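To keep things clear, I will list the structure first and then write my remarks on it.
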Number of protein chains: 2
Amino acid sequence: MSKKERQQLLLQIIADNPFVTDRELTRQLKVSIQTIRLDRMELGIPELRERMKQMAEHSYDQVRSLPPDEVVGDIVDLQLDKSGISIFEIREEHVFSRNGIARGHYVFAQANSLAVAVINDEIALTASADIRFVRMVRLGEKCISKAYVRSLAGRRGKAEVDVFTYVGEEMVFQGHFVVYRSAAEEYSEGGSRSADRH
Amino acid sequence: MSKKERQQLLLQIIADNPFVTDRELTRQLKVSIQTIRLDRMELGIPELRERMKQMAEHSYDQVRSLPPDEVVGDIVDLQLDKSGISIFEIREEHVFSRNGIARGHYVFAQANSLAVAVINDEIALTASADIRFVRMVRLGEKCISKAYVRSLAGRRGKAEVDVFTYVGEEMVFQGHFVVYRSAAEEYSEGGSRSADRH
DNA sequence: TCATAATTTAGAACCTGGTACTAATATGTA
DNA sequence: TACATATTAGTACCAGGTTCTAAATTATGA
């Protein structure tokens, strides 16, 4: 096997198992550990620990913004059964890498989370929604969602919530949500009142 | 500061910066490195490298199933401008840990991705949607989405797409999407024809 | 064919961020 | 005062490397 072939194979192996040590690589490629290390140097592949660190940092950044808990976006104001405001910054993880436009479901998720959070019941579940993406949202933009409870039917009933999301002065999204309350685990989209932050 | 207080503080510090070394902790807590290590032992906190490894492994698992590309769900059938089918399995990362119910935006994202993918244009962007979560989706369930193009207005116009998502025989979600075509970067929700996997 | 260059292997010293263990030294507390 | 608890100190060792020097092997070209 030529040097080039070996290095291609090495790239391949590390690509689909980044947790492999140099020692394991010597076994798979049948060359000395020094050769492995020279190859890594030439290919600019960092050592195992550095690779793990980078993955951990990357995921840590993601975890801070991806939904690790019930709510997408930081709720900064909440008047139960009345209104609420949340802020969500569009970051690298939320956009199409090709054009830097936010994936719609993140914009949707922020609004949906807020609509559920604003309802003052043990269990609140989204039943349906009518949504409109008014304009695209770009990387780095800060989305401010405002939710208003429009109607509250009796116990175990429906609530209607309107959510508007803005970037600065511009409205980028609007949605009308119908949320079931207290009807524990009867309809889709869970989320209880204990959901406040991650 | 008592031992208990210090250990609480240590938990706190590591919680909001898991990348801290023992050496850095001695500076922040003003105790010897041995004390730090005894505290970590008692609290069951692994060493920095082990913490990073765990985070890396966790993120690696996630990355394999979370949307690293444009499409959520595996598209298994696609007749451009006509219909499409995608499969998406609800996994640990997609549910509320509390009750094992899928977060709505994943169900939405699968349908939305498919609605955009089925349109045969360079650029397709969701403009609005009318959606209904018919029943909740649970951990482990396989969601099969079927999209049907209902109307195609002339060049640079709108298309209407209906999407139904099933678990087995049961419909769990339905949505009516209005998608803008070719109007490059004019409305929200990007997604080009190159989106086919992940 | 022989010299030179590229490639591969070997080995030693050193590094970080620890673990494991022993032992000494505070600091309470009954 | 005596004993227990908590804290600090120090040494040996480990994984998974880097860095460096040097030897051995394998092309390659003239």
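If you're wondering where the values come from, they're calculated on a predicted model, not measured in any experiment. Letters A, B, ... are given to chains in the order of the sequence lines, protein chains preceding strands, and every chain is numbered from 1.
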Report which part of the nucleic acid A/I33 touches: base, sugar-phosphate, or nothing (heavy-atom distance under 4.0 Å, all strands).
nothing

Over all strands shown, is A/R6 touching base, sugar-phosphate only, or nothing at heavy-atom distances under 4.0 angstrom?
sugar-phosphate

In whole angstroms, how far is the [atom2] atom of [N] from the [atom1] atom of [X]?
X: B/L29; N: D/dA6; atom1: CG; atom2: P; answer: 17 Å
X: A/K53; N: D/dG16; atom1: NZ; atom2: C1'; answer: 15 Å
X: B/K4; N: C/dG28; atom1: NZ; atom2: P; answer: 18 Å
X: A/R37; N: C/dA10; atom1: CZ; atom2: P; answer: 13 Å
X: B/R40; N: C/dG17; atom1: CZ; atom2: P; answer: 12 Å
X: B/D39; N: D/dT8; atom1: CG; atom2: P; answer: 10 Å
X: B/M41; N: C/dG17; atom1: CE; atom2: C1'; answer: 12 Å
X: A/D22; N: D/dT19; atom1: CG; atom2: P; answer: 13 Å

Rounded distance [0.5 Å steps], CD1 in A/I85 versus CD1 in A/I144:
8.0 Å

Between atom CZ of B/R27 and atom CG of B/D22, what is the distance when rounded to the nearest 0.5 Å?
11.5 Å

When you measure from the side-chain N and O atoms of A/T35 to the phosphate of C/dT9, is any distance below 4.0 Å, counting only OP1 and OP2?
yes

Residue pair A/S86 / A/S145, side-chain donor-acceptor N/O under 3.5 Å
no

What nucleotide, of D/dT18, C/dT7, C/dG17, holds the atom closest to the side chain of A/K3?
C/dT7

Do the rings of B/Y106 and B/F88 sit parallel, tilted or perpendicular, given the 30° and 60° boundaries?
parallel

Taking for each residue the nucleotide of DNA chain C bearing the nearest heavy atom, is the 5' side occupied by A/E42 or by A/Q34?
A/E42

Looking at B/R49 and C/dG18, is any side-chain donor or acceptor paired with a base atom of the opposite kind under 3.5 Å?
no

Of A/I45 and B/V31, the one whose nearest nucleotide on DNA chain D sits closer to the 5' end is B/V31

In terms of hydrophobic clusters joined by side-chain contacts under 4.5 Å, are A/L9 and A/V20 together?
yes

